[in-house]
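Let me begin by presenting the structure, written as structure tokens, before commenting on it.
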Amino acid sequence: MPCFPGCENEADLSACTKMKVDDFISKNMRYPALARENGVQGTVIITFVVEKDGSMSGIKVVRDIGAGCGQEALRLVNLMNEQGLRWTPGQHQGNTVRVQYNLPMMFKL
């Protein structure tokens with residue numbers, strides 16, 4: 001599986017990736033005003049492909065809770081690309097491969 005930048009040398013790549021992605025999201029999220037006003041909470045799921053070079057492509061919302069939360073989740077994932085954050089790509093039998101990744105984002109007031 002691919003991992004978030006800074007997790008390459010960790011024993012538990014999955015836990016490190018989750019922690020670092022959650023940290024990135026919490027630092028950069030702007031809770032949509034419409035969602036805040038209407039008390040919208042829940043989980044938005046974004047899917048994307050981690051390319052062989054670590055960039056992300058095919059970014060789209062799989063599950064949206066509305067009130068601008070899906071757009072905010074897309075903005076956050078695109079922000080990773082804009083900031084040049086390159087994931088460590090997935091490996092299969094020693095070869096670098098493209099991997100589809102599903103990222104749940106919690107929106108909680």
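Taking Arg75 as the reference, Glu72 meet the salt bridge (Lys or Arg N to Asp or Glu O under 4.0 Å) condition, with sequence neighbours excluded. By the side-chain hydrogen bond (donor to acceptor under 3.5 Å, both in side chains) test, Ser57 pairs with Glu51, sequence neighbours left out. Qualifying side-chain contact (heavy atoms from CB on, under 4.5 Å) partners for Thr47, counting only residues two or more places apart in sequence or in other chains: Lys60, Val62, Gln100, Asn102. Residues passing the side-chain contact (heavy atoms from CB on, under 4.5 Å) test with Asp22, sequence neighbours excluded: Lys18. Arg63 is linked by a salt bridge (Lys or Arg N to Asp or Glu O under 4.0 Å) to nothing, counting only residues two or more places apart in sequence or in another chain. For Ala67, the side-chain contact (heavy atoms from CB on, under 4.5 Å) test picks out Leu34, Ala35, Val40, with sequence neighbours left out. Taking the salt bridge (Lys or Arg N to Asp or Glu O under 4.0 Å) definition, one finds that Lys108 meets it with nothing, sequence neighbours left out. Judged as a side-chain contact (heavy atoms from CB on, under 4.5 Å), and not counting sequence neighbours, the contacts of Thr17 are Cys3, Phe4, Cys7, Val21, Trp87, Tyr101.
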- Given the rule in the side chain to side chain contact (heavy atoms under 4.5 Å, CB included) test, do Ile45 and Val61 qualify, once you have shown the distances and angles that lead to the verdict? CA-CA 6 Å; Ile45 299 177; Val61 177; over 6 Å; no

- Verdict with supporting geometry, Arg86 and Asn81, side chain to side chain contact (heavy atoms under 4.5 Å, CB included): CA-CA 7 Å; Arg86 295 284 185 242; Asn81 260 347; 3.7 Å; yes

- Under the side chain to side chain contact (heavy atoms under 4.5 Å, CB included) rule, what do Val77 and Met56 come out as? Steps first, then yes or no, please. CA-CA 8 Å; Val77 173; Met56 294 171 284; 3.9 Å; yes

- Would you please test Leu74 and Val44 for side chain to side chain contact (heavy atoms under 4.5 Å, CB included) and show each step? CA-CA 10 Å; Leu74 281 174; Val44 173; over 6 Å; no

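Summarising the geometry, atom OG belonging to Ser26 is positioned 10.0 Å from atom CG belonging to Leu76; distances are rounded to the nearest 0.5 Å. The structure places CD of Gln91 at 10.5 Å from NZ of Lys52, a figure rounded to the nearest 0.5 Å. With rounding to the nearest 0.5 angstrom, the CD atom of Glu82 is 6.0 Å from the CG atom of Asn78.
Annotation for Pro2 and Val99: closest pair CD-CG1, 3.6 Å, computed over non-hydrogen atoms. The heavy-atom pair separating Leu109 from Gly39 by the smallest distance is CD1-CA, 3.6 Å.
No continuous path of hydrophobic side-chain contacts links Val49 to Leu85 [ILVMFWY only; heavy atoms under 4.5 Å]. Cluster membership for Ile65 and Ile25, using ILVMFWY side-chain heavy atoms within less than 4.5 angstrom, is shared. Residue Phe48 is grouped with residue Met1 when hydrophobic side chains (ILVMFWY) are merged at heavy-atom distances under 4.5 angstrom, including chains of intermediate members.
Within the structure, every pair that satisfies the side-chain hydrogen bond (donor to acceptor under 3.5 Å, both in side chains) test and touches residues 5-15, not counting sequence neighbours, is listed here: Glu8-Thr88. For residues 32-46, no pair satisfies side-chain hydrogen bond (donor to acceptor under 3.5 Å, both in side chains), with sequence neighbours left out. Annotation: ring-ring contact (aromatic ring centres under 6.0 Å, His included) contacts involving residues 50-72, sequence neighbours excluded, are absent. Applying the ring-ring contact (aromatic ring centres under 6.0 Å, His included) rule to pairs touching residues 13-46 yields Tyr31-Phe107, sequence neighbours excluded.
No more than 12 heavy atoms of other residues, nucleotides or ligands sit less than 6.0 Å from atom CZ of Arg98.
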